[in-house]
**Q** 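The following block contains the structure, expressed as structure tokens.
Protein chains get the first letters and strands the later ones, always in sequence-line order, with residue 1 at the start of each. For the numbers below, each heavy atom of this structure counts, side chains included, while hydrogens, waters and symmetry mates do not. What you see is a predicted model; the values in this text were computed from it and never measured.
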Amino acid sequence: GENVEQHPSTLSVQEGDSAVIKCTYSDSASNYFPWYKQELGKRPQLIIDIRSNVGEKKDQRIAVTLNKTAKHFSLHITETQPEDSAVYFCAALAYNQGGKLIFGQGTELSVKP
Amino acid sequence: SAVISQKPSRDICQRGTSLTIQCQVDSQVTMMFWYRQQPGQSLTLIATANQGSEATYESGFVIDKFPISRPNLTFSTLTVSNMSPEDSSIYLCSVGGTSGFGELFFGEGSRLTVL
């Protein structure tokens, strides 16, 4: 079945720097890859997603890239701000497992002012 | 996206007891999902709650431990039965988005502590 690996587990950057979080997946049939942000004590919030028919998607300071051949996708946050500090989860839609979302292990991002 | 309400938001429970978590959605949804998030961990799917049929459980989760009801298209409950400290987690209800591509939206979660 689908397996999603996420790296790094923790990431600390200075305010204004860029942050990159990477995920790999195992099921070549997976076709949808969302990213969630979870602030402390709150629910996971969908921040951006990408479908397998595109290679990149941007939304203001965040972007996601997808390499289907290598089966990996990444989240890029530019001009980081302290409010970007949170745990970020990637996920892949396991098409061959009834279409359920499989989550990565999470990355705790800390943006230092 | 749908508004998803869960209750209780948190509770402290005694070992051996059971607790039922309720999830209410402000619109009709076909599928509802229950996730568990253990402290400092990722999200693990417990089961898919189907209206009009039994829930579909993931490997490692069984109906006797986590019975689920889905009486209509806007409501579901998850019961955590015969609790032990290992069941201390956040339990999250989620529903799919309207695009049908697989995005999920989560309720606020129910944080259970078992003593």
Side-chain angles (χ1 to χ4, degrees), chain A residues 1-10 21 23 25 27 29-54 57 59 64 66 73 86-110, chain B residues 1-10 21 23-25 29-50 53-61 89-113:
Chain A
E2 176 65 281
N3 183 52
V4 179
E5 296 288 335
Q6 183 173 347
H7 299 280
S9 56
T10 62
I21 302 170
C23 289
Y25 62 99
D27 185 355
S30 291
N31 58 3
Y32 173 71
F33 307 92
W35 285 87
Y36 288 82
K37 174 184 181 182
Q38 187 176 31
E39 297 175 335
L40 188 63
K42 298 192 175 180
R43 76 184 86 189
Q45 297 268 24
L46 177 66
I47 57 170
I48 195 168
D49 56 14
I50 191 167
R51 297 175 188 140
S52 59
N53 58 343
V54 298
K57 183 177 178 181
D59 183 3
V64 56
L66 171 65
F73 57 111
V87 179
Y88 291 80
F89 293 99
C90 64
L93 187 70
Y95 183 80
N96 290 330
Q97 292 175 244
K100 61 187 179 188
L101 275 184
I102 306 298
F103 285 84
Q105 297 87 343
T107 296
E108 183 175 3
L109 173 65
S110 176
Chain B
S1 61
V3 175
I4 307 166
S5 303
Q6 269 186 252
K7 50 181 183 180
S9 58
R10 60 178 63 233
I21 302 166
C23 179
Q24 179 74 54
V25 188
V29 293
T30 304
M31 296 168 76
M32 297 175 74
F33 306 88
W34 287 98
Y35 280 82
R36 182 176 73 181
Q37 187 174 30
Q38 294 177 301
Q41 302 296 312
S42 186
L43 298 140
T44 302
L45 181 63
I46 298 171
T48 302
N50 308 306
S53 64
E54 281 198 359
T56 304
Y57 289 84
E58 297 301 307
S59 175
F61 297 97
S89 292
I90 300 172
Y91 293 86
L92 294 142
C93 170
S94 66
V95 303
T98 55
S99 76
F101 276 100
E103 70 271 26
L104 286 183
F105 298 96
F106 289 89
E108 294 177 341
S110 299
R111 181 184 296 270
L112 301 188
T113 301

**Q** Between A/Gln38 and A/Gln45, is a side chain to side chain donor-acceptor pair (under 3.5 Å) present by the stated rule, with each step listed?
**A** CA-CA 6 Å; A/Gln38 187 176 31; A/Gln45 297 268 24; over 6 Å; no
**Q** B/Gln41 versus chain A, heavy atoms under 4.5 Å apart: side chain, backbone, both or neither?
**A** backbone
**Q** Given heavy-atom pairs under 4.5 angstrom as the criterion, report whether the side chain, backbone, both or neither of A/Pro34 touches chain B.
**A** neither
**Q** Does A/Phe73 have its ring centroid less than 6.0 Å away from the ring centroid of A/Phe33?
**A** yes
**Q** Please look at B/Leu43 and chain A and tell me whether the side chain, the backbone, both or neither of the residue comes under 4.5 angstrom of a heavy atom of that chain.
**A** both
**Q** For the residue pair B/Trp34 and B/Phe61, is the inter-centroid distance of their aromatic rings smaller than 6.0 Å?
**A** no
**Q** Pick one of side chain, backbone, both or neither for B/Leu45, based on which atoms fall under 4.5 Å of a heavy atom in chain A.
**A** side chain
**Q** State, without any angle test, whether B/Gln6 and B/Ser110 hold a side-chain donor-acceptor pair at a distance under 3.5 Å.
**A** yes
**Q** Flag the pair B/Leu104 / B/Tyr35 as yes when at least one side-chain heavy-atom distance between them is below 4.5 Å, and no otherwise.
**A** yes
**Q** B/Phe33 versus chain A, heavy atoms under 4.5 Å apart: side chain, backbone, both or neither?
**A** neither
**Q** Using a distance-only test with no angle check, is there a side-chain donor-acceptor pair under 3.5 angstrom linking A/Thr10 and A/Glu108?
**A** no
**Q** For A/Leu101, is it the side chain, the backbone, both, or neither that has a heavy atom closer than 4.5 Å to a heavy atom of chain B?
**A** both
**Q** Which one of A/Gly106, A/Ala91, A/Pro44 has the most heavy-atom pairs closer than 4.5 Å to chain B?
**A** A/Pro44
